[in-house]
There are 2 protein chains.
Amino acid sequence: MSSDRMTRPQAPRPASMLDVARLAGVSGQTVSRVTNGSEAVAADTRERVLAAMRTLGYRPNSAARALKSGRFQSIGVLMFSLENFGPVHVLEGVSNAATARDYSLDLVTIGDPSTGEITKALERLDQERVDGIVIVLEAHQILEHAIRFPTRIPSILVDSQQYDDRVSVNADQAQGAELAVRHLLELGHPTVWHVSGPVHRMNAASDRQLAWRRLLEAEGRPVPPPVLGDWSAESGYRAGLRLARDPSVTAVFAANDQMALGLMRALHECGRRVPDEVSVVGFDDSPDAAYYWPPLTTVREDFRAVGALAIELLLEAIDGERHEPGLRALPNTLIVRDSTAPYR
Amino acid sequence: MSSDRMTRPQAPRPASMLDVARLAGVSGQTVSRVTNGSEAVAADTRERVLAAMRTLGYRPNSAARALKSGRFQSIGVLMFSLENFGPVHVLEGVSNAATARDYSLDLVTIGDPSTGEITKALERLDQERVDGIVIVLEAHQILEHAIRFPTRIPSILVDSQQYDDRVSVNADQAQGAELAVRHLLELGHPTVWHVSGPVHRMNAASDRQLAWRRLLEAEGRPVPPPVLGDWSAESGYRAGLRLARDPSVTAVFAANDQMALGLMRALHECGRRVPDEVSVVGFDDSPDAAYYWPPLTTVREDFRAVGALAIELLLEAIDGERHEPGLRALPNTLIVRDSTAPYR
DNA sequence: CCATTCGATGTTTACGTAAACAGTTCGCGT
DNA sequence: ACGCGAACTGTTTACGTAAACATCGAATGG
């Protein structure tokens, strides 16, 4: 292979538009026209150019193109970790939608969510190698770190929060939480306990908790103190150990599936049967939820749709369209499995 | 808002290097020198240039830079779905490593793994907006679809397979499977059953199955017929329903955590206690595995390290280094939890 | 039969940057 | 004072593409 290196004529720089033009006996502009599919180029000329392209293995130089046009055909995505199921699926939705529109994706993940890291990441993205940015962060992170949004190019948030001056997209947290709580109440449970996510001033966890509380109050039910978790199965487990001691607990709404998983493990350990003694509902419908023990009743978020909508709005913004600021909330579906049963 | 558009002076095009140069009263080249941190520029000149940059909000144009230098400071990543835990974590490792080296990531996911889609995706990446490509695919997918690897730029595979002419990186499947099986044998079980992943001619599933078989044979144990799954919890569940009927089954090695999850659900349903009657080991150490019921003994893969090594090797290749073809296999760790117990 | 139009193609130019090369100034040794 | 090199800065050029404008021939219409 080193001989390969020595005999080969020094990586013959890739063919340029002009190389193709010369071979095809036309001008560079005509090659450009063929490349961009547009314009009227005589059929035989086009054929000749295409043949030359094939011969030379020509590929348009995207850097030159971007330089000339000012467009990158690329979307930046800023994400926290890929630990949690939700954001990863949003990413998948975003990726599919972007690919469908012929945009590529520039992914930046933030290892350590410090102000410095986030700012640096946004700087990176803002350095004009992308046409727009999708930010998958929660509001509290944005507030705590005093994040300054890019100004040069459009950006959109995937977050359940309502912003005065920005467009955001997410699943409808309140509607989802209501589905869960209402389901349990309809099964006859006197009230519903809640294992909450890490509540900050504004985030999905607080939205879910608030909706849970509101619905119980509206129905005139007692509102038990919520148990605080941090989205992890481990925190759900700890919450479960506390709830399992209280025999009045017959229905629990966990703010996500992983906490529901930990919760059920604790209930099992304490000998409280699910769903016979305690009904459990989760949130997210992660792929494994159907195979928890017992299979988990949960609220399915349409992450793909969230990602797709984010891209759609962002591309419109890139094209100069102005959107009304505010949250676009997408509805969720209740998936009933075996972890919930009528109150006895 | 339309008035906004009309009054504003046409989105004053972003400041260029020359704008900065004019304001600072220097040449463009000096600005370039300051930007690139290199060279000897007099301290006061540098200050003046930096001040001008701040005033104008100057950002180097990455397209122009890429055009001039022929480098993109960007790595392409080709992935199948983001459904499975493993690949997503590899992506995270890749992302972290790339960021640390000041490379950005161009992510392409393949919705439908048809030949056309894969080829199209590789074309996209090969269109020279990246300096190198990380391909996260399994060998059988590559073979079945007769994938042609990019030739213009270096690429590296994340896959457990040994290729004659390419460099690949992955966790050591055989070593991991041996950890699992040996653990069960050391607990005194007469033999170990296996719920396999979707075996193709060459992939992680077949590697794990082969290692399982080899070790049993080496130890002179009977080799029960492996039960075929497809990585999903659902397939583990179906496998479990079959294994649960057979009282001679006391130890099962599932080829991933999700199948172990489904397996344990089936065992529960059939009244076979884990680990008292049946011990179960998984593979991957997904975040939830510690909170399965019971907590799952499993093999932890260091996905981050895999991603990091892939980036390291790829960057070296970009810098012109030639690597010996072959597989770099990274060792795994056995995590013992409550789903395994001594044979009684 | 010439003017007009239009389709097809070519020429020029600019995008923003950085390498290569070309000064210019200054201090120092002689 | 002179020459010399080091330190600093400027000028020219090329990267590959596509918009704007220019040209040319042929077809159309009166």
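Naming: A, B, ... by sequence-line order, numbering from 1 per chain.
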Donor-acceptor contact below 3.5 Å, side chain A:Ser32 vs main chain A:Gly28: no
Atom-to-atom span, CZ of A:Arg22 to P of C:dG10 - whole angstrom: 14 Å
First of A:Ser16 and B:Val26 reached from the 5' end of DNA chain D, by closest nucleotide: B:Val26
Closest to side chain of A:Gln29, choosing from D:dA20, D:dG16, C:dT17: D:dA20
Between C:dG10 (C1') and A:Arg48 (CZ): distance, integer Å: 13 Å
Distance below 4.0 Å between B:Arg33 side-chain N/O and D:dT9 OP1 or OP2: no
Atom pair distance, as rounded to whole Å: CZ in B:Arg71 and C1' in D:dC15: 16 Å
Residue-phosphate contact under 4.0 Å: B:Arg65 side-chain N/O, C:dA18 OP1/OP2: yes
Phosphate contact (D:dA19 OP1 or OP2) by A:Ser69 side-chain N/O below 4.0 Å: no
Rounded distance in Å - CG (B:Asn36) to C1' (C:dA19): 11 Å
Working for salt bridge (Lys or Arg N to Asp or Glu O under 4.0 Å), residues A:Glu117 and A:Lys120: CA-CA 5 Å; A:Glu117 285 291 315; A:Lys120 206 156 63 183; 3.8 Å; yes
Nearest-angstrom distance from the residue atom NZ of A:Lys68 to C1' of C:dT17: 16 Å
From CZ (A:Arg33) to CZ (A:Arg46), nearest 0.5 Å: 11.0 Å
Nearest-Å distance for atom pair CZ/C1', residues B:Arg46 and D:dT9: 13 Å
Of A:Leu314, A:Leu125, A:Val130, the residue whose pairing with A:Ile75 passes side-chain contact (heavy atoms from CB on, under 4.5 Å): A:Leu314
Whole-Å gap separating P (C:dG16) and CZ (A:Phe72): 11 Å
Among C:dA18, D:dT17, D:dG10, the nucleotide that comes nearest once only the side chain of B:Ser27 is considered: D:dG10
Nucleotide nearest A:Thr30 (side chain, heavy atoms from C-beta), chosen from C:dG10, C:dT17, D:dT9: C:dG10
Nearest to side-chain heavy atoms of A:Tyr58, which nucleotide of D:dT17, C:dA19, D:dT9: D:dT17
Residue B:Met17, side-chain atoms from C-beta onward, closest of D:dT9, C:dC15, C:dT17: C:dT17
Partners passing ring-ring contact (aromatic ring centres under 6.0 Å, His included) against B:Tyr103 (at least two apart in sequence or in another chain): none
Minimum-distance nucleotide (side-chain atoms of A:Ala64 versus D:dG16, C:dT17, C:dT9): D:dG16
Ion pair A:Glu312/A:Arg101, N-O distance below 4.0 Å: no
Length of the line joining B:Asp19:CG and C:dT17:C1', which is rounded to integer Å: 13 Å
Among D:dT9, C:dT9, C:dT17, the one nearest B:Ala42 by side-chain distance: D:dT9
Distance below 4.0 Å between A:Ser32 side-chain N/O and D:dA19 OP1 or OP2: no
Presence of B:Asn61 side-chain N/O under 4.0 Å of C:dC15 phosphate oxygens OP1/OP2: no
